Amino acid sequence: MSGPTTPTSLRRRAAVPFVALGALLASSFTVALAPGAHAADALLSQGRPATASSQEGDGYAAAAAVDGNLTGTRWASQWSDSQWLQVDLGQVSNLSRVVLTWESAYGKDYEIQASDNGTDWRTLKKVTGGDGGTDDLAVSGTGRYVRMQGLARSGGYGYSLWEFQVYGSADGTTPPPASGAVKVEGGQGNWRLTVGGQPYTVKGVTWGPAVSDAPRYLPDVRAMGANTIRTWGTDASSKALLDAAASNGIRVINGFWLQPGGGPGAGGCVDYVADTTYKNTMLTEFAKWVDAYKSHPATLMWNVGNESVLGLQNCYSGAELEAQRNAYTSFVNEVARKIHGIDPDHPVTSTDAWTGAWPYYKRNAPDLDLYAMNSYSNVCKVRQDWIDGGYTKPYIITETGPAGEWEVPDDANGIPDEPTDVQKADGYTKAWNCVTAHQGVALGATLFHYGTEHDFGGVWFNLLPDGLKRLSYYAVKKAYTGSASVGNTPPVISGMTVSPASSAPAGGEFTVHADVRDPDGDAVTYKVFLSGNYANGDKRLVEAQWRSTGNGNFAVSAPRKLGVWKVYVQAEDGHGNAGIETRSVKVVAPPVSGTNLALNRPATASSSQQSYGDCPCTPALAVDGRADTRWASDWSDAQWFQVDLGSAKTLRRLQLVWDPAYATSYEVQVSDDANTWRPVYSTTAGDGDVDTLDVSATGRYVRLQLTARGTGWGYSLHELGIYS
């Protein structure tokens with residue numbers, strides 16, 4: 001059967017009630033689009049025929065301002081004041097709003113004009129003293145043609161628009177994405193999803209941006225060829241998203257979150273056998289929002305729970321786990337019955353991450369209209385699992401894409417080896433092909449993930465981290481539109497290497513190499529980032545200190561914190577596209593010249609842990625020359641560690657390589673007889689990792705007198721080196 005899916009940190013973060021989702025997945029775009037656009041307004045201009053008085057060059061045609069590409073393509077005029085750009089909406093429409101997203105060459109004075117015939121123009125709005133950025137203009141009137149008539153430029157260049165968007169409606173009402181009830185129709189192996197009696201294949205993406213950013217990004221989702229977005233939670237904030245989706249002809253799979261949702265960290269554990277209070281509360285809450293949104297034109301279906309059958313294994317085991325899984329799926333069925341009683345016009349499904357969950361649904365949830373599955377590298381096995389299980393309901397895939405962190409082999413540094421951009425793009429293509437190959441049973445998919453976070457999980461999965469479109473973005477667009485022509489595409493990175501990959505000295509430099517080509521011949525600019533996800537749990541991408549040394553080589557400054565880091569090369573083409581590749585680098589203590597006098601010498605300590613984690617952690621393990629062993633003390637402040645050098649030695653330098661349990665306050669002492677001690681160094685501001693100390697002393701015994709811990713644990717040293 002299809003193997004279990006362990007949610008990534010990104011997916012756990014996304015899988016929260018919808019009101020929190022927006023705050024957690026806020027975009028880092030710098031170009032704001034339609035911040036005040038009313039969700040009830042339809043975007044009428046995107047993809048419509050556009051013309052202009054002039055264009056600066058071949059790459060700056062009028063059509064580039066209505067293609068939905070917010071930062072990658074633009075119209076630019078010749079360098080004079082009287083220039084115009086116009087769009088043909090196809091029919092006379094009621095106009096409510098015009099949004100102009102200017103490039104740095106903007107219009108200081110201009111008019112928004114409308115016409116029914118493209119000849120006779122009337123002014124809807126005049127702007128004087130414009131300051132560029134985004135102009136969000138409320139207008140009132142009708143017209144088939146809408147024009148920006150430039151009167152005065154801001155500088156010596158022409159006019160340049162990233163996007164020219166006209167909002168309104170053809171008949172004064174919000175056009176729904178489709179009309180009529182949504183049904184699962186047909187019979188065994190020959191099902192189809194219909195909307196208002198018309199066939200509907202789910203071509204979707206999981207939704208990541210904040211609800212407030214929906215007017216900004218949903219036109220782009222539509223331009224990708226997608227017709228559906230999936231959420232994990234539904235509440236009061238969902239209305240704005242549903243409104244924006246409807247105005248862009250997109251439907252929504254409205255999610256309902258249930259604990260444990262993949263395990264601890266995603267809402268905790270629930271006793272589905274006995275906790276009637278939780279179940280009644282959720283049933284009431286879900287019913288409330290079903291009633292609120294059942295008639296909304298964007299609603300496609302209801303999705304109850306996410307990965308909980310699998311996730312219950314993190315809460316229970318044995319016979320109790322079986323009882324809980326049966327109780328959970330029985331509760332899902334109770335929810336499905338409740339939803340059907342309120343809303344008979346939209347199907348109900350439930351998502352899990354393991355086809356081993358389907359027997360529980362088959363046995364306990366007959367009221368579900370279809371099943372749903374999150375599956376990544378195993379998505380092509382779902383079809384056979386469905387056949388082998390003898391199931392009698394169709395399914396959709398609610399998350400899929402390239403192999404996840406939990407599915408790939410480890411690299412030489414012992415961390416998951418992230419696929420390349422090319423491999424990720426191929427992963428989406430392969431996943432979609434496997435879904436569509438199961439005709440009459442698989443009713444579509446929402447691919448993971450239309451998100452904008454530019455962090456560890458965002459680079460692994462997001463189609464446009466920081467608003468930059470990846471090869472994966474264009475693979476999804478090609479899959480959904482069926483067109484091989486998807487426009488300007490990102491730089492492609494290959495052959496990325498790190499040297500030394502497993503021994504980069506803390507605070508020193510290591511070398512990154514990457515071969516980069518741009519399919520469109522665009523000039524490429526670079527950024528280099530570091531992530532400490534595996535070193536310290538920080539999932540952010542922080543720009544590294546680096547310099548180019550030519551021929552695709554970069555000298556990068558290593559962090560001072562030890563551990564395995566990820567280094568990212570980001571290549572941007574100036575058209576809103578980026579290639580991003582990553583490899584790991586292990587940061588180690590910098591080498592110290594000279595002879596290590598402490599190596600394998602007798603060591604003693606005030607205490608040592610005998611059985612915790614990787615312990616016993618005896619004193620000898622801190623002088624064995626290995627970075628993967630350690631001494632660890634009891635969990636109290638006053639402790640000591642000492643080493644016998646065998647005879648009096650002249651000491652020049654000490655290096656302390658700390659485990660995360662370090663000392664903030666300690667003193668280095670020497671002695672000739674292990675009774676009378678002389679201090680040679682002290683600090684009250686230790687911060688862990690590596691302390692390299694210059695000393696000038698002579699002694700046979702060296703002691704660390706440890707007086708204040710940096711954590712709630714004890715003190716722990718991977719290595720103490722003493723050099724002459």
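Predicted model only: the values in this text are computed from it and were never measured. All residue numbers in this chain count up from 1 along the given sequence.
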Between [X] and [Y], which heavy-atom pair has the shortest distance, and what is it?
X: V587; Y: P505; answer: CG1-C, 4.4 Å
X: V588; Y: L562; answer: C-CD2, 3.5 Å
X: A685; Y: T683; answer: N-OG1, 3.0 Å
X: Q655; Y: T692; answer: NE2-OG1, 3.4 Å
X: A514; Y: V569; answer: CB-CG1, 4.5 Å
X: P416; Y: Y534; answer: CD-OH, 3.4 Å

Are [X] and [Y] linked by a side-chain donor-acceptor pair shorter than 3.5 Å?
X: E399; Y: H449; value: no
X: N577; Y: D518; value: no
X: S671; Y: T676; value: no
X: D271; Y: Q324; value: yes
X: S636; Y: Q639; value: yes
X: T525; Y: E572; value: no
X: R630; Y: S716; value: yes
X: Q610; Y: S608; value: yes
X: K539; Y: N533; value: yes
X: T398; Y: T351; value: yes

[X]/[Y] aromatic ring centres below 6.0 Å:
X: F554; Y: H513; answer: no
X: W546; Y: F510; answer: no
X: Y376; Y: W406; answer: yes
X: Y473; Y: Y428; answer: no
X: Y272; Y: Y328; answer: yes

When you measure from the side chain of [X] to the backbone N and O of [Y], does any donor-acceptor pair fall under 3.5 Å?
X: T231; Y: G255; answer: yes
X: D691; Y: V657; answer: no
X: S633; Y: G714; answer: no
X: S606; Y: W640; answer: yes
X: W713; Y: R709; answer: no

Closer than 4.0 angstrom, basic N to acidic O: yes or no for [X] and [Y]?
X: E543; Y: K527; value: no
X: R547; Y: E509; value: yes
X: R560; Y: D689; value: no
X: R583; Y: D411; value: no
X: R470; Y: D421; value: yes

N551 atom CG: more than 12 heavy-atom contacts under 6.0 Å:
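No, CG of N551 has 12 or fewer neighbouring heavy atoms, counting only those of other groups under 6.0 Å.
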
Neighbour count above 12 (heavy atom, 6.0 Å) for K424 NZ
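Atom NZ in K424 is crowded, with more than 12 foreign heavy atoms closer than 6.0 Å.
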
Y612 vs W635, test: ring pair (Phe, Tyr, Trp, His ring centres under 6.0 Å). Steps then yes/no.
CA-CA 12 Å; Y612 184 84; W635 296 8; 5.4 Å; yes

Fit a plane to each ring of Y450 and W207, take the angle between them on a 0 to 90° scale, and name the class: parallel (under 30°), tilted (30 to 60°) or perpendicular (over 60°).
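Plane angle under 30°, so parallel.
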
Within 45° of the axis and under 6.0 Å from the centre of the six-membered ring of W677, does NZ or CZ of R703 qualify?
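Judged by the rule (NZ or CZ under 6.0 Å from the ring centre, within 45° of its axis), R703 counts as positioned above W677.
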
Member of R700, K649, R678 meeting the salt bridge (charged side-chain N to carboxylate O under 4.0 Å, His left out) criterion with D672:
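Only one option passes, and that is R678.
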
